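What follows is a short report on a single structure.
Order of the sequence lines sets the chain letters (A, B, ...), proteins ahead of strands, with each chain counted from 1. Worth saying up front: this structure is predicted, and the values here are computed from it rather than measured.
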Number of protein chains: 2
Amino acid sequence: MSEALDMATVAALVGDPARANILCALLDGRSLTAGELAYAAHVSPQTASGHLGKLANARLIDVTQQGRHRYYRLAGRHVAAMMESISQVVAVAQPRIRAVRISEDMRNARMCYDHIAGRLGVTLADALRENHHVEFADDGGLVTPSGETFFAKLGIDLDGARQSRRVFCRPCLDWSERRPHLAGAVGAAIARRLTELHWIARKRDGRALTITPIGWSAIERSFGCSLHDHTVPARPALRVVAG
Amino acid sequence: MSEALDMATVAALVGDPARANILCALLDGRSLTAGELAYAAHVSPQTASGHLGKLANARLIDVTQQGRHRYYRLAGRHVAAMMESISQVVAVAQPRIRAVRISEDMRNARMCYDHIAGRLGVTLADALRENHHVEFADDGGLVTPSGETFFAKLGIDLDGARQSRRVFCRPCLDWSERRPHLAGAVGAAIARRLTELHWIARKRDGRALTITPIGWSAIERSFGCSLHDHTVPARPALRVVAG
DNA sequence: CGATCAGTTCGGCCGCCGCCGAAGCATCCC
DNA sequence: GGGATGCTTCGGCGGCGGCCGAACTGATCG
């Protein structure tokens with residue numbers, strides 16, 4: 001009974017457009033400053049500050065101060081999971097025509113809290129499934145023995161992931177592609193490893209990802225998939241100079 | 001971007017105490033009349049009607065008319081999953097002293113959408129895990145080969161459950177016990193089968209469950225667990241007469 | 001057919017909450 | 001120290017939305 005009241009409180013926090021925008025902006029797992037979040041939420045700094053205070057007070061987000069900046073981030077995976085499940089309800093309940101313009105960068109490859117989403121995420125998940133390295137059900141999955149050796153060869157530490165007490169392997173309905181990509185501990189481990197190998201890299205301030213020229217062929221080779229659906233990799237020299 | 005707006009809309013629907021109460025009341029998967037829901041939400045019938053209209057309009061609940069009654073139910077598992085994930089955030093974010101009085105009936109055994117929760121749910125999950133019939137990770141799990149035969153012997157159709165495209169097996173943090181019970185397709189199949197066998201039965205209008213005298217020993221025997229933590233089964237003769 | 005009951009619709013009241021301007025603190029830089 | 005900049009607090013305005021009383025619809029029953 002009182003549980004429902006607490007749930008209403010939490011839901012009401014997410015139920016404000018500005019706060020929902022803030023939480024969505026944090027969904028990629030990074031820390032953002034109050035100013036950046038105010039901009040993302042399309043509200044003034046004072047207003048954002050109020051919202052951030054409420055979210056932090058309810059322990060949906062955490063803060064760390066750094067100089068005169070305050071960095072906010074999601075309080076944990078459980079918050080990301082909640083946002084995802086709300087998004088699922090939206091997808092099921094309001095299957096309206098997707099007139100919304102999704103940036104091509106985001107569609108191609110992006111981070112979804114701590115794993116890879118977008119065309120790249122779906123392509124990788126398809127490849128892993130086709131090669132019987134993983135199996136999916138509606139809201140769960142598992143890594144096959146052949147998958148174990150495959151991930152080991154890639155340098156992905158599955159035992160470590162398993163110890164994290166997270167599920168190994170979980171399909172997550174892709175927001176833009178409407179087909180599952182790989183989430184869970186394995187999804188996070190893959191994203192971590194591919195970043196480490198510089199096969200993928202975050203674009204400057206955004207959830208979008210770049211597939212590096214090295215990564216392009218390396219991913220196609222090791223995952224046995226084709227990335228031809230993706231746009232050509234952005235000129236890396238330019239990016240390095242710009243960065 | 002617009003996705004965040006939609007999410008805010010859905011979250012705002014859950015964010016009202018009366019509506020949260022309504023959704024929680026429907027969490028056991030049954031259909032309730034508008035009047036019952038008004039009572040559950042502690043609001044007048046007119047007010048409840050307004051809320052129900054909004055929830056139905058947003059496709060969070062479905063309606064069927066029967067005579068002069070209108071029966072409302074959750075629009076699907078995705079809604080139950082969302083409510084569960086919100087509840088998880090509440091549990092993690094507000095670990096305050098549980099001063100709330102939980103009814104002993106509810107703590108002992110209850111339905112959680114379509115599977116068994118409460119002490120019984122946790123006990124069953126523990127037994128299944130101890131006997132290596134299932135394995136759990138943080139947010140996923142699997143049925144072992146020994147589990148397959150175990151469930152088959154109980155008359156639980158795992159293949160059918162697998163075809164439903166739901167995860168086989170998923171731990172779900174128990175609301176009252178703070179430890180995992182078994183959810184997913186297997187959880188639902190177990191609940192269905194145990195009801196079929198009359199080992200458990202719903203108490204009259206509520207999520208709470210009764211363990212029948214037959215069920216008491218049968219469950220202890222077949223699952224290899226002790227139910228001594230549970231209260232003695234309520235007098236069945238009385239219940240039959242009353243029902 | 002009137003009476004009753006379940007449920008919804010209408011209308012108006014009221015309070016909560018999101019919003020921004022202005023001011024108040026910190027921190028950093030010269 | 002002075003003056004930026006980043007963020008928060010305060011205060012008052014305005015509107016959305018939840019609430020209930022009253023009236024309406026439609027089903028059931030004698």
Side-chain angles (χ1 to χ4, degrees), chain A residues 1-2 4-26 30-73 205, chain B residues 1-2 4-26 30-73 205:
Chain A
M1 160 133 354
S2 173
L5 266 181
D6 291 338
M7 290 172 66
T9 307
V10 169
L13 283 169
V14 187
D16 175 80
R19 286 190 295 256
N21 270 319
I22 288 173
L23 291 171
C24 283
L26 294 173
R30 287 182 313 166
S31 298
L32 295 178
T33 67
E36 290 170 322
L37 290 170
Y39 179 78
H42 307 113
V43 290
S44 67
Q46 323 76 296
T47 302
S49 178
H51 289 310
L52 291 169
K54 286 176 189 179
L55 290 172
N57 189 47
R59 304 256 154 191
L60 295 191
I61 59 178
D62 284 338
V63 209
T64 34
Q65 184 125 15
Q66 223 169 81
R68 56 184 169 184
H69 294 280
R70 290 179 86 148
Y71 282 91
Y72 289 92
R73 64 184 176 282
D205 72 36
Chain B
M1 159 132 353
S2 175
L5 266 181
D6 290 339
M7 291 173 66
T9 307
V10 170
L13 283 169
V14 187
D16 175 80
R19 286 191 295 257
N21 269 318
I22 288 173
L23 291 170
C24 283
L26 293 173
R30 288 182 313 166
S31 298
L32 296 178
T33 67
E36 290 168 323
L37 289 170
Y39 179 79
H42 307 113
V43 290
S44 66
Q46 323 75 295
T47 302
S49 178
H51 289 311
L52 291 169
K54 287 177 189 177
L55 290 171
N57 189 47
R59 305 256 154 189
L60 295 191
I61 59 178
D62 284 338
V63 208
T64 34
Q65 184 124 13
Q66 223 168 84
R68 56 183 170 187
H69 295 279
R70 290 177 87 148
Y71 283 90
Y72 289 91
R73 63 184 177 283
D205 70 39

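- Taking atom CD1 of A:Ile22 as the reference point, atom C1' of D:dC7 lies 13 Å away to the nearest angstrom.
- Put simply, OG on B:Ser31 and NE2 on B:His69 are 13.5 Å apart, with the number rounded to the nearest 0.5 Å.
- Projected onto DNA chain C by closest heavy-atom contact, A:Gly67 and A:Ala18 fall at different nucleotides, the more 5' of which corresponds to A:Ala18.
- Between A:Leu5 atom CG and D:dG18 atom P there is a gap of 15 Å when expressed in whole angstrom units.
- B:Leu13 contributes atom CG, which lies 13.5 Å from atom CZ of B:Arg59 (distance to the nearest 0.5 angstrom).
- The only member of A:Leu60, A:Val43, A:Leu55 that meets side-chain contact (heavy atoms from CB on, under 4.5 Å) when paired with A:Ile22 is A:Leu55.
- Remark: B:Gln65 CD is packed, more than 12 non-hydrogen atoms of other residues, nucleotides or ligands lying under 6.0 Å away.
- Each of A:Leu52, A:Leu23, A:Asn21 was checked for a side-chain contact (heavy atoms from CB on, under 4.5 Å) with A:Leu37, and the lone residue meeting it is A:Leu52.
- The nucleotide whose nearest atom lies closest to any side-chain atom of B:Ser49 is, among D:dT9, D:dC19, C:dT8, C:dT8.
- What separates CD of B:Glu36 from C1' of C:dC5 is a distance of 15 Å, to the nearest Å.
- Comparing C:dT8, D:dC19, C:dC20 by their closest approach to the side chain of A:Val43 singles out C:dC20.
- Residue contacts shown for A:Tyr71 are absent, as no nucleic acid heavy atom lies under 4.0 Å away.
- Atom P of nucleotide D:dG17 and atom NZ of B:Lys54 are separated by 7 Å, given to the nearest angstrom.
- Of all nucleotides listed (D:dC20, C:dA6, C:dT27), D:dC20 comes nearest to the side chain of B:Ser44.
- Straight-line distance from the CG atom of B:Leu32 to the C1' atom of C:dG7: 15 Å, rounded to whole Å.
- Taking atom CZ on B:Arg70 and atom P on D:dG26, their separation rounds to 11 Å, with Å as the unit.
- A straight line from NE2 of A:His69 to P of C:dC29 spans 9 Å, rounded to a whole angstrom.
- The B:Gln46 side chain lies nearest to D:dC20 when the options are D:dC7, C:dT4, D:dC20.
- Nearer to the 5' terminus of DNA chain C, by closest-nucleotide assignment, is the contact made by A:His51 (compared with the other of A:Arg68 and A:His51).
- Contact annotation: B:Tyr72 side-chain N/O to C:dA6 OP1/OP2 distance is not under 4.0 Å.
- Rounded to whole Å, atom P of C:dC16 lies 17 Å from atom CG of A:Asp16.
- B:Thr47 has a side-chain polar atom (N or O) that falls below the 4.0 Å cut-off from OP1 or OP2 of D:dC20.
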